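Below: one structure, written as structure tokens.
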Amino acid sequence: MSDNETNDDVRTDGSGGGIVAPDDETPTWSERKQRSQGLSRLTYEYFERARREDQDLRQESDYVERDVLAFPAWPHEMIRNLALTSFFVGMILFLSAALPPEMPNAANSGVTPAIILPDWYLYWSFGLLKLGPLNPDLSILGGQKLMADRTYGVLANVVVVGFVAIVPFLNKGSARRPVEQPFWAAVGMAGVIFSLTIAALSIKNLIPMDSHLLFDLTFLVPIVAGTITYAVLKTMREGYMFDLNRRYYRLRPPK
């Protein structure tokens, strides 16, 4: 085979003078619509039409740019990240110099503080240790509890942390927006609200509210918040899918 005949061969990378022949076995528009429903149909149509338009572009031009170019990590991305890091570090140094924290009185080892609390980011765990009222009294044990309230609180921490750890394995969907999976978005919202309410329960002696009412709201508010979140996202889902389809057909109108 000569060099001229080699150059006339079909090139599949978009370069040269060759083109990719259209696929005659591509299903028609009505056939593609009948294959599936909903978002799966939309995805199938998107890739099918993208492939066909790619073939049309190769027919119209001798060369089609196929690589998406981006900024290299060095020096563009590195310089930007260093600039942002320097700015935030400078702000922290400025605030620490201009507004130094006030040092409290020295701790007295002979006096127990009136209120003992952990760091704020552990309030939720400290609140789980105060779930003694939920520890059931068993009549078969003479009205005694099966385990101590402190042990019950530690077990509650294990259950909550275990549930948080197992959620990624339960939800294997590919959704990137809460509106695409309202149920799991509602579960996440209920979990966030519960972390706030259980943290408030841990400092109930500092909140001007009846302790029994605060205990009830600790579990009621997350359920209400999760239900409202699910209802709102479920209502928005139909409009979201309509906008997604309209945007898709606006970018790629049917031929």
Side-chain angles (χ1 to χ4, degrees), residues 84-85 87-89 91-92 94-96 99-105 107 112-137 145-240:
L84 293 175
T85 303
F87 172 77
F88 286 108
V89 171
M91 290 298 298
I92 294 175
F94 171 77
L95 293 176
S96 62
L99 302 173
E102 181 181 358
M103 297 299 295
N105 297 328
T112 302
I115 300 176
I116 301 177
L117 292 174
D119 293 330
W120 63 268
Y121 49 83
L122 293 177
Y123 279 1
W124 66 270
S125 180
F126 189 59
L128 292 175
L129 297 177
K130 297 186 176 182
L131 296 181
L134 295 180
N135 193 0
D137 299 332
K145 296 182 178 180
L146 182 62
M147 64 183 70
D149 291 342
R150 183 176 301 178
T151 306
Y152 187 82
V154 173
L155 183 61
N157 276 269
V158 174
V159 173
V160 171
V161 174
F163 177 76
V164 173
I166 202 175
V167 164
F169 299 95
L170 297 177
N171 180 20
K172 298 182 179 181
S174 58
R176 296 186 177 183
R177 298 170 181 83
V179 70
E180 296 179 5
Q181 286 191 339
F183 173 77
W184 288 108
V187 171
M189 179 58 68
V192 172
I193 299 299
F194 179 71
S195 65
L196 297 178
T197 56
I198 199 67
L201 181 64
S202 67
I203 54 175
K204 60 182 179 180
N205 51 344
L206 300 179
I207 297 180
M209 182 182 297
D210 182 69
S211 59
H212 298 286
L213 177 60
L214 180 60
F215 188 85
D216 295 337
L217 292 179
T218 299
F219 301 94
L220 180 61
V221 173
I223 296 176
V224 174
T227 303
I228 294 176
T229 301
Y230 178 80
V232 172
L233 293 178
K234 193 68 174 179
T235 304
M236 295 173 54
R237 180 177 172 84
E238 183 177 356
Y240 168 77

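No experiment lies behind these values; they were computed from the predicted model shown.
- At least one side-chain heavy atom of L131 sits less than 4.5 Å from a side-chain heavy atom of F215.
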Does the pair L206 and L117 meet the rule for a side chain to side chain contact (heavy atoms under 4.5 Å, CB included), with working shown? CA-CA 11 Å; L206 300 179; L117 292 174; 4.1 Å; yes
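- If you take OG1 on T227 and CE on M189, they are separated by 12.5 Å, rounding to the nearest 0.5 Å.
- The aromatic rings of F219 and F194 lie tilted to each other, with the angle between the two planes from 30° to 60°.
- We find the OG1-CG distance between T151 and L129 to be 10.5 Å, quoted to the nearest 0.5 Å.
- Contact check for W120 versus I203: no side-chain heavy atoms found under the 4.5 Å cut-off.
- Side chains of V160 and I198 form no contact here, defined as non-hydrogen atoms less than 4.5 Å apart.
- Atom CG of L213 is surrounded by more than 12 heavy atoms from other residues, nucleotides or ligands within 6.0 Å.
- Between T229 atom OG1 and I193 atom CD1 the span is 7.5 Å, to the nearest 0.5 Å.
- Here the shortest heavy-atom pairing between L217 and M209 reads CD1-SD, 4.0 Å.
- Atoms OG and OH, on S202 and Y123 in that order, are 6.5 Å from each other to the nearest 0.5 Å.
- For the salt bridge (Lys or Arg N to Asp or Glu O under 4.0 Å) condition, the pairs that include at least one residue of residues 146-160, sequence neighbours left out, are K145-D149.
- Applying the side chain to side chain donor-acceptor pair (under 3.5 Å) rule to T197 yields no partners; only residues at least two apart in sequence or on another chain are considered.
- Shown here are the side chain to side chain contact (heavy atoms under 4.5 Å, CB included) partners of L122, two or more places apart in sequence or in another chain: P118.
- Rounded to the nearest 0.5 angstrom, T235 OG1 and Y230 OH are separated by 10.0 Å.
- Proximity of N157 to W124: side-chain heavy atoms (C-beta onward) are separated by under 4.5 Å at one or more points.
- Residues A185 and L233 come closest through the heavy atom pair CB-CD1, 3.4 Å.
- D119 contributes no side-chain N or O that, together with a main-chain N or O of Y121, makes up a donor-acceptor pair within less than 3.5 Å.
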